[in-house]
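A short worksheet on the structure shown next.
The residues of the chain are indexed from 1 along the displayed sequence.
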Amino acid sequence: GVLASTSICFDLSIFEIFFTLSNGGRIVLVKDAMALNALPESAGVTLVNTVPSAIAELLKLKNGIPSSVKTINLAGEPLPVELVQKIYSQTTVQKVYDLYGPSEDTTYSTFTLRKSDGPYTIGKAITNSQVYILDKNKVIKAKRIDAANVKTIIKALEVESKNLKS
């Protein structure tokens with residue numbers, strides 16, 4: 001089943017609940033992602049959508065991520081290579097997806113299946129979308145996302161985050 005842990009105030013809950021149910025799937029409704037480790041194995045959670053910081057905390061707990069979980073979708077924060085490596089080495093998870101997208105784009109703009117030994121990347125544009133990397137003057141710097149310009153994106157996100165805090 002899909003762990004339905006996102007508040008219904010966020011668009012991701014639509015994917016967790018309605019997409020799953022409308023395709024004949026089963027949801028496991030919990031208060032938040034941190035409740036995952038309190039579920040019995042019989043709950044059968046196979047897919048988890050959450051932020052990297054929540055998965056990092058679950059990894060610190062004994063049986064924080066049950067062996068039934070096979071896929072983890074992570075979004076909302078940068079996903080460090082080290083965390084991806086820990087997920088693959090400390091759990092039975094088979095796939096870790098990095099899903100990126102600004103709020104204005106509603107949920108996700110890019111995605112990639114991250115590998116344990118793979119680079120830091122946010123992947124490629126979702127179907128029927130295009131991604132452009134702009135500089136501070138809104139001049140196109142790149143039309144594709146690769147390891148070289150992921151650093152540019154991360155730096156821009158850090159600057160934007162600092163601007164929002166001040």
Completion exercise
Sequence neighbours excluded, the answer for ring-ring contact (aromatic ring centres under 6.0 Å, His included) partners of F18 is none
Problem - Side chains of T71 and Y97 in contact at under 4.5 Å (non-hydrogen atoms) - result: yes
Practice task
Would you tell me whether T6 and E16 have side-chain atoms, one donor and one acceptor, within less than 3.5 Å of each other?
Solution key: yes
Exercise for the section: For the pair R114 (side chain) and L79 (backbone), establish whether a donor and an acceptor sit closer than 3.5 Å, ignoring hydrogens and angles. Expected result: yes
Practice task
Could you tell me whether the side chain of Y88 and the main chain of V96 form a donor-acceptor pair under 3.5 Å?
Solution key: yes
Practice task
Would you check if the side chain of T46 reaches a backbone N or O of V69 as a donor-acceptor pair within less than 3.5 Å?
Solution key: no
Handout entry: Same apolar cluster: L39 and I17, side chain cutoff 4.5 Å
Key = no
Exercise for the section: Please check if any side-chain donor atom of S67 sits under 3.5 Å from a side-chain acceptor atom of E41, or the reverse. Expected result: yes
Exercise for the section: Please check if atom NZ in K95 has more than 12 non-hydrogen atoms from other residues, nucleotides or ligands closer than 6.0 Å. Expected result: no
Problem - Any side-chain heavy-atom pair of I55 and I65 under 4.5 Å - result: yes
Handout entry: Neighbour count >12 (heavy atoms, 6.0 Å) for atom CG, L21
Key = yes
Handout entry: Any V45 side-chain heavy atom under 4.5 Å of L36 side chain
Key = yes
Handout entry: Within-4.5 Å side-chain heavy-atom neighbours: T110 and L99
Key = no
Practice task
Consider only side-chain heavy atoms of I, L, V, M, F, W and Y, link residues closer than 4.5 Å, and tell whether L61 and L3 are in one cluster.
Solution key: yes
Problem - Hydrophobic cluster identity match, I27 and F15, side-chain contacts under 4.5 Å - result: no
Handout entry: Test item: L74 and V48 side chains (from C-beta on) under 4.5 Å apart, heavy atoms
Key = no
Handout entry: Hphob cluster co-occupancy, L29 + I14, side-chain heavy atoms under 4.5 angstrom
Key = no
Problem - Student check: side-chain heavy atoms of N49 and V2 closer than 4.5 Å - result: yes
Practice task
Give the cluster check for V30 versus L12: same hydrophobic cluster or not, with ILVMFWY residues linked at side-chain heavy-atom distances below 4.5 Å.
Solution key: yes
Practice task
Would you check if the side chain of D32 reaches a backbone N or O of M34 as a donor-acceptor pair within less than 3.5 Å?
Solution key: yes
